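The block underneath contains the structure these notes are about, expressed in structure tokens.
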Amino acid sequence: MPTELKGANELRKALKKFSPDLDKETRDEMVGFLKPLVKKARGFLPSNADAPSGFVKHEVKTAKFPMYDAAEARRGVGYKLTPTKPNRQGWVQTVSIHNKTAAGAIVETAGRKSGITGNFSPRFSGTFAGSRKMQGRAMFKAYDQDQGKAKAAIIKALEKAAAKFNAKGI
Amino acid sequence: MAELRIPIIGEFKGKKAFKDADNSVKGLSKSFKRLAGAAGIGLTAAALIKFGKQAAKAFIEDEKAASQLAISVKNLGLAFDTPRIEEFISNLSKASGVADDVLRPSMQKLLQTTGSVAKSTELLTQALDISRGSGVDYETVVNDLTMAYVGQTRGLRKYSLGLSQSELKTMKFADVQEKLNKQFSGANAAYLDTYAGKMGVLGTAAGEASEIIGKGLIDALMILSGDTTVDELAVSMETLALNTAKAVTELAKLVKGVVNFGTESYGKVDNFADDITNFLDRLTGHEERIAARARAAATAGMGGYPSSALGGTFVDPNAAARKAAEAAAAKRAKELAALQKKSLDTQKKQNALTKAAKILDIERINITAALRGKISETDRLSLNLQLTLLDKNDAQATKLSGELTEAVKRQNALNAALLATPEAPNPYRNWVAPSMGTAAMAGVAPSQGGSGVIPDFNVPANQFSQVGPLGGLGAGVIAGVLPTINVTVELDGQTVGGAIRDSQINDSLSGSFNQVNRGQGFKGAVAV
């Protein structure tokens with residue numbers, strides 16, 4: 001679950017408009033905490049050799065099921081510092097990390113609901129970490145192992161930026 | 001599959017707003033239900049909201065039209081007459097069943113054209129009769145009257161006044177007005193006697209009631225929200241739901257009052273509309289406010305409200321100004337009439353000149369063309385005389401006229417001489433055709449073997465049998481009796497028979513096989 005930080009979006013807007021330097025400083029600071037998280041998540045994604053052979057991208061495409069390419073899947077893991085559109089529950093995500101590609105998402109979640117059974121999910125070497133909907137092999141695992149340190153640092157960075165911004169008296 | 005995302009920092013934007021809106025709607029719905037119960041009528045919350053909206057909208061539009069009229073009147077320098085005009089429109093609307101939304105723009109148009117309140121009210125009333133009588137809608141009638149006032153009478157054709165376009169053009173507005181009055185007078189009164197007319201009046205009264213309720217509703221909202229203007233009210237829209245709930249409760253009391261009043265006082269249909277309007281006026285203080293405004297304006301020297309409404313001792317401070325305005329309008333009307341007359345005269349002259357010029361040109365062209373052709377002396381003189389007359393050259397005209405008279409005389413004398421000339425005799429009347437016998441050669445010159453004497457062509461009567469070898473018809477032919485001619489032909493029988501036989505053989509060989517091999521016991525067969 002996200003931590004709600006009231007006014008974070010407005011603060012980012014105000015910083016961008018009235019204090020671009022402070023905005024860049026804050027952004028860099030947040031990126032500094034998010035990059036290791038993303039790097040770690042990318043590291044949990046299996047190489048092509050470790051992934052199930054039929055799932056790995058090959059010349060003859062037999063079905064519409066997404067095919068895995070390690071490089072592509074790793075590129076799909078990243079972070080976002082701009083607010084998203086509100087979801088159906090009314091939440092806006094100010095800072096988030098994501099695993100965008102379909103194949104990467106399959107690696108992340110295969111066997112999460114139905115268990116590690118059959119011919120597909122047992123072939124992934126990585127283990128799950130996290131709980132319930134926050135359970136996964138790569139991004140969720142990295143986030144779980146981070147133990148909320150990145151989140152705390154980002155909140156702190158934003159609070160610091162707000163304090164600085166207010167101190168400037170703009 | 002939706003992309004996977006871990007929100008690290010988030011912000012809740014929607015849920016609270018949804019919840020607030022939800023609560024507001026629920027609260028409003030409950031209020032409306034209570035209102036329907038209190039009013040004892042089966043109004044649903046949605047119906048009430050719709051009615052409230054319509055009422056408020058009607059009031060806003062009415063106020064807008066009133067404001068436009070007031071500004072127009074003020075700009076014409078007749079601001080002191082605004083209450084009088086408003087009262088007139090209100091009364092006319094009640095009496096005629098025409099909504100004040102229609103009357104106000106019409107009044108504005110007439111005032112802008114005539115500049116006179118008296119004339120405008122007169123025309124506005126007359127337009128009612130014309131509209132009812134002709135079936136043309138009220139606004140069009142007012143527009144036509146406005147145009148006619150400034151001399152543009154084209155629009156009046158549709159009323160079938162029995163006048164030609166040229167008559168309409170040349171008529172004064174007063175005459176037009178009289179003609180219209182004569183034709184349509186009393187049409188509105190007759191219409192109001194009908195059921196449709198009464199329903200129209202009732203409908204207008206209901207519309208007025210809706211406007212009054214709309215005003216009350218907006219006032220109530222403003223009072224409840226603590227705002228002093230509609231703009232501020234709009235700013236306070238966040239609390240509108242709560243305020244609306246309270247306001248509609250007040251509205252329910254009002255509606256209940258109307259229902260009770262209607263039940264108690266309902267008698268004649270004619271009076272019911274007035275009763276509703278009067279009741280609502282009293283209930284909302286509309287009447288008192290009008291009177292109070294008029295008194296205040298009168299005290300401040302801006303009045304003009306009828307003295308009947310302000311007591312018998314009231315002296316209108318604007319009487320002089322009104323008189324001056326009317327005089328100015330009358331002067332303007334006279335000027336307009338004079339201008340119209342002048343314009344018509346100029347137009348007439350222009351038309352006559354154009355026509356004359358056209359005729360002259362055509363005549364001149366025709367005469368010149370005719371003179372170029374081969375014509376008699378008399379015609380030439382006539383054409384020259386016409387040209388001279390066109391040029392208005394008296395001396396030349398007199399001279400030519402004399403010449404023409406002489407020429408005509410000569411022409412007549414010649415005609416008479418021709419008529420008196422006797423018939424010329426036939427030069428061959430004594431000539432007799434000679435006979436065509438051998439003796440005819442006698443007429444040939446001696447050098448050519450003839451005798452040189454003219455032959456006698458007279459054929460003896462009944463001697464047609466004596467036709468000579470050189471021909472010549474007998475006297476019977478000449479007399480019309482056809483003679484009998486006997487012809488004897490002698491032929492060689494062998495030659496003719498041979499030719500016929502050959503012909504038959506040829507025919508049969510070329511397709512008539514029944515003739516082939518027909519002799520010698522053969523019945524006839526195809527020769528192979």
Side-chain angles (χ1 to χ4, degrees), chain A residues 1-10 12 30 33-34 37 41 66 76-81 83-109 130 133-134 136 138-140 142-144 146 148 150-155 157-158, chain B residues 1-35 44-50 52-53 221 224-248:
Chain A
M1 289 293 290
T3 300
E4 188 173 1
L5 196 64
K6 285 272 182 193
N9 293 329
E10 285 71 21
R12 290 298 308 283
M30 288 193 289
F33 298 117
L34 289 171
L37 201 61
V77 177
Y79 57 85
K80 191 172 187 296
L81 297 173
T84 60
K85 283 193 279 186
N87 64 13
R88 276 177 289 184
Q89 283 73 39
W91 282 92
V92 169
Q93 296 165 12
T94 312
V95 180
S96 58
I97 54 173
H98 52 249
N99 186 351
K100 270 185 175 175
T101 59
I106 289 167
V107 172
E108 185 84 50
T109 59
K133 283 191 173 180
M134 295 288 280
M139 182 179 70
F140 288 112
Y143 184 71
D144 184 62
D146 185 63
K151 179 189 273 190
I154 287 165
I155 292 169
L158 284 168
Chain B
M1 187 174 176
E3 69 176 48
L4 295 175
R5 186 179 289 276
I6 300 174
I8 294 170
I9 303 293
E11 194 174 347
F12 189 78
K13 289 281 186 185
K15 190 85 177 177
K16 193 172 178 298
F18 295 154
K19 200 174 177 181
D20 288 352
D22 225 26
N23 287 341
S24 305
V25 171
K26 279 177 188 168
L28 204 60
S29 181
K30 279 180 188 171
S31 304
F32 284 139
K33 279 176 187 169
R34 282 202 299 271
L35 165 75
T44 62
L48 203 58
I49 289 171
K50 195 178 172 189
K53 275 184 184 173
L221 287 174
L224 290 169
S225 64
D227 296 326
T228 51
T229 65
V230 175
D231 292 340
E232 287 179 25
L233 180 68
V235 176
S236 305
M237 286 301 277
E238 283 182 12
T239 55
L240 183 61
L242 186 63
N243 289 342
T244 307
K246 291 177 185 172
V248 290

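Note that these values count all heavy atoms, side chains included, but never hydrogens, waters or copies made by symmetry. The structure presented is a predicted model; accordingly, all values stated were derived computationally and were not measured.
Distance NZ/B/Lys13 to CG/A/Asn87: 13.0 Å, rounded to 0.5 Å.
Checked options A/Lys133, A/Glu108, A/His98; the residue passing with B/Leu4 is A/Glu108 (criterion: side chain to side chain contact (heavy atoms under 4.5 Å, CB included)).
B/Arg5 and A/Met139 get closest at one heavy-atom pair: N-CE, 4.1 Å. Residue B/Pro7 comes nearest to A/Ser96 through the heavy atom pair CA-CB, 4.0 Å, listed as atom of the first residue, atom of the second, then distance.
The main-chain N or O of B/Ile8 is never found under 3.5 Å from a side-chain atom of A/Gln93 such that the two would form a donor-acceptor pair.
Proximity to chain B is absent for every atom of A/Tyr79, based on heavy atoms less than 4.5 angstrom apart. When heavy atoms are compared at a cutoff of 4.5 Å, A/Thr101 does not approach chain B at all.
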